[in-house]
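Okay, structure first, notes after.
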Number of protein chains: 2
Amino acid sequence: MTEKAVLAANAAFYRAFRDGDAEAMDLVWARSAAVACIHPGWPPLFGRDAVMKSWAGALSSSPAIAVESPRVVLTGGTAAVLCLERIGRSVLAATNLFVNEAGHWRIFHHHASAIARGAPRAKPPARPRVVH
Amino acid sequence: MTEKAVLAANAAFYRAFRDGDAEAMDLVWARSAAVACIHPGWPPLFGRDAVMKSWAGALSSSPAIAVESPRVVLTGGTAAVLCLERIGRSVLAATNLFVNEAGHWRIFHHHASAIARGAPRAKPPARPRVVH
């Protein structure tokens, strides 16, 4: 039940993103909880104003984004959705955090990052010393 | 009080990483909560076994990692620490999620990703269409 509602909130977030719908994007973000965001290749943004401003820019060039393999991790009163984002031939990994505000699951943190082509899936990763 | 304890748990996580200390790394990860991890450039890993196995590999080549600007976001019963990781000349952004298990804040999700050199800090980001 909770998992289904969280997945619906995650889908609404990506629908707003794909549709470039600033009003819908505003609606899916938390009102009371502290809000943060790490866009791909970016340092963290803190606060609802900074985050929504960043989305205003991102939405102006909305990509044809598809969500794959969402999985919900419920812990305490919060929910994390880990999923893949497919944009053209690029694939990103995302961590989306949700909190229930007055019956509505709303996102309060989004972190997305590119998955390297040919990223190994079985052997242990080494933290890159040079990232570029 | 809580924030201080969460920051201490975050510091312990990075100390285990920097020291290549597998035992300490095992201790800082959650026992009861579901565990996940997104290493830089990697798809998500799920489950304590898969995550700890990945760390065994990462710890064998422990980098001289320094943590900067950690900020705690408390929501419900969980805590997120957003911070920067500096490894040589590379800088990564990290989301670390913590849950309180029997009085101990333990990490249950880690997501780290490279910050692009010269990443804009003010103008709106565009989701990359080609990530490489």
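All heavy atoms count here, side chains included; hydrogens, waters and symmetry mates do not. Convention: sequence-line order gives letters A, B, ...; per-chain numbering from 1.
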Any chance CD of B:E68 has more than 12 other-residue heavy atoms, nucleotides or ligands included, within less than 6.0 Å? yes
Shared ILVMFWY cluster between [X] and [Y], side chains joined below 4.5 angstrom?
X	Y	result
B:L82	B:L92	no
B:V72	A:F46	no
B:L27	B:W55	no
A:F98	A:F17	yes

Would you mind telling me which of B:A33, B:G77, B:A93 has the largest number of heavy-atom pairs within less than 4.5 Å of chain A? B:A93
What option among B:N100, B:V99, B:T95 has the most heavy-atom pairs under 4.5 Å with chain A?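 Most heavy-atom pairs under 4.5 Å with chain A: B:T95.
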Show the nearest heavy-atom pair for residues A:I115 and B:W42, with the distance to one decimal.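 Of all heavy-atom pairs spanning A:I115 and B:W42, the closest is CG1-O, 3.8 Å.
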Correct closest heavy-atom pair for A:S113 and B:H111 would be OG-NE2, 2.8 Å
Relative to chain A, which segment of B:A94 carries a heavy atom at a distance below 4.5 Å: side chain, backbone, both, or neither? backbone
Identify which part of B:L97 has an atom lying under 4.5 Å from any heavy atom of chain A, answering side chain, backbone, both or neither.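 Interface part for B:L97: side chain.
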Donor on one side chain, acceptor on other, B:T75 and A:T78, under 3.5 Å: no
